[in-house]
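Comments concern the structure below.
Predicted, not measured: the structure shown is a model, and the values here were computed from it. In listed order, ligands and their atoms are each counted from 1.
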Amino acid sequence: EAHYPQRINVAEELVDRHVQEGRGDNVAIYFEDRTFTYEQLQEQVDRMGNALRDLGVEAGDRVVVRFPNRPEAIVTCLAVQKIGGVALPSMKLLRAKELDYIINNAEATTVVVYDDLLEEVENALPELDTVEDVIVAERNGVDHDHHSYDDLLESADDELEAYETEREDLALMLYTSGTTGRPKGAVHSHRSVLATADTYARYCIEPTEEDVFGGNPPLPFAYGYGDLVTFPLRFGASTSLVEDASPGDLLEAVENHGISVLCSIPTGFNQILSNYPDGPEEYDVSSLRVGLSAGEPLTPTTFENFKEEYGINLLDGIGTTEMLHIFISHCHDGDIDPSATGFPVPGYECKIIDPDTGEELERGESGLLAVRGPTGVEYWDRPEKQVESTTEDGWSIPGDIYVQREDGRLEYKSRSDDLIISSGYNIPGPEVEAVIEEHEAVSEVAVVGSPHEERGEIVKAFTVLSNGTTPDDELVTEIQNHVKNTLAPYKYPREIEFTESLPRTETGKIRRTELREQEQS
Ligand code: 3SK
């Protein structure tokens with residue numbers, strides 16, 4: 001396991017070290033037709049860090065960073081970390097109700113937001129107990145009376161001494177949806193952010209300064225944060241950011257920025273294949289050397305098709321927000337068997353346990369995955385979830401059913417709980433149920449994942465209507481819109497089946513397993 005000094009700061013490691021060691025002219029970020037060298041990135045981070053400090057942000061304070069994949073998001077996260085704060089990137093589709101819970105739970109003091117995403121913050125503001133400052137990056141002429149990102153940057157000092165953080169001090173916080181209850185804040189230290197690069201990236205991708213990482217996972221998704229921030233910057237390589245990238249935008253970025261490590265989720269790779277089956281004839285994709293996939297299991301068909309059309313291996317991997325990045329994967333130069341996720345990433349160990357007894361199972365037997373390594377589950381203020389998701393001897397239980405084959409490869413079977421994983425988004429069924437039930441026409445509802453070729457799963461709602469209501473297409477749309485307007489829109493039920501009753505256990509619990517099995521048959 002890599003050893004880290006007691007005093008370490010992730011922003012210094014990812015930016016300043018490269019400048020000090022003569023890599024200041026390397027391109028750190030490509031964005032549209034602009035580039036930011038490491039030296040330029042350092043200046044922006046230092047200015048932003050000083051601006052935040054001047055506003056009163058102190059070591060340990062949580063700062064919400066709410067941006068699409070743009071350079072300001074990287075600058076702000078690193079600036080927060082450099083002054084000893086905790087960056088809290090927020091998914092851009094979150095609605096006011098979800099945002100206010102997260103911001104209050106984290107007791108964030110500051111929100112830095114892209115102007116197009118300001119509205120939800122403003123809607124949430126009356127409920128926000130701890131926020132003292134909102135900083136707005138004015139890019140689309142949205143009217144506001146908060147601090148201006150550009151003005152703050154311009155007037156701030158361009159040199160900043162990093163706060164003397166220690167390796168276990170918190171640097172990053174990401175909220176994750178579980179199956180029940182509210183989202184949980186998974187916290188990560190300066191050491192654990194670096195550890196994701198020094199394990200998975202170092203051994204499975206083997207990045208060099210010449211690499212350009214690019215793709216479309218959002219930065220507030222732990223997977224995107226690693227792929228597009230930590231990994232490229234750890235190795236003095238470049239990241240290519242594309243805001244709201246369509247498949248065509250991604251291929252254009254491959255051509256224009258020379259992306260060598262293409263990062264997405266299976267849905268993203270399938271969209272590239274279906275929209276651009278002859279992409280390599282339309283775009284120069286010769287810079288590509290490997291693809292990274294996570295968020296949902298990659299099928300062997302997608303792996304084979306992508307290899308045939310685009311000539312690269314896609315490395316499937318499984319990670320969690322709690323573990324911060326991937327802990328099972330093949331390595332780019334290994335013997336890839338696309339019917340399995342791969343091997344434990346060097347630095348991590350995995351075992352399969354009996355869900356009831358916790359006993360380790362034999363190879364070939366299917367059971368609950370347990371994982372242990374340099375990153376692990378640590379929740380903000382949720383001791384009960386901490387106990388549920390970990391064992392006393394430090395194993396984390398992500399909630400997936402796996403088999404370890406005789407050759408050591410781990411093969412994914414299913415989720416062990418009610419979480420629906422659709423296009424890489426984690427959607428807790430019970431949360432969607434609660435919102436559908438708010439609709440006056442609905443009497444009861446059960447939400448499960450239904451297999452879907454492109455999205456992995458979609459949200460499906462089995463719905464019992466109140467007496468006297470007749471189901472029709474208009475009602476379907478109305479219920480769907482109600483969910484879209486209440487929760488992040490990706491959580492809406494793409495399919496609604498009206499039914500007379502729901503299957504229940506003797507004690508009255510809905511038997512979601514039965515509905516899931518029905519969908520799978
Ligand atoms: O979904 C995954 O497999 C994943 C991978 C890396 C980091 C975070 C997550 C949730």
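- Close contacts between ligand 1 and Ala222 involve ligand atoms 7 (C), 8 (C) [criterion: under 4.0 Å to a heavy atom].
- Residue Ala294 has at least one heavy-atom neighbour below 4.0 Å for each of these atoms of ligand 1: 3 (O), 5 (C).
- Within ligand 1, counting atoms from 1 as listed, the ones closer than 4.0 Å to a heavy atom of His325 are 6 (C), 7 (C).
- Taking 4.0 Å as the cut-off, Leu324 counts as a neighbour of ligand 1 on heavy-atom distance.
- Between Leu172 and Val187 there is no side-chain heavy-atom pair separated by less than 4.5 Å.
- A donor-acceptor distance shorter than 3.5 angstrom exists from the side chain of His257 to the backbone of Glu32, with no hydrogens or angles considered.
- Scanning the protein for heavy atoms near atom 3 (O) of ligand 1, the closest one is Gly319 N, 2.9 Å.
- Counting the atoms of ligand 1 from 1 in the order shown, those under 4.0 Å from a heavy atom of Ile318 are 3 (O).
- Not less than 6.0 angstrom separates the ring centroid of His325 from the ring centroid of Tyr225.
- Counting heavy atoms closer than 4.0 Å to ligand 1, residue Ile421 contributes nothing at all.
- A donor-acceptor pair under 3.5 Å links the side-chain atoms of Asp249 to the main chain of Ser246, judged by distance alone.
- In this pair, Phe67 and Tyr114 present their aromatic rings tilted. The plane angle is within the 30 to 60° band.
- No donor-acceptor pair under 3.5 Å is formed between the side chain of Arg409 and the backbone N or O of Phe343.
- Of the listed residues (Tyr225, Phe327, Tyr223), the one carrying the non-hydrogen atom nearest atom 6 (C) of ligand 1 is Tyr223.
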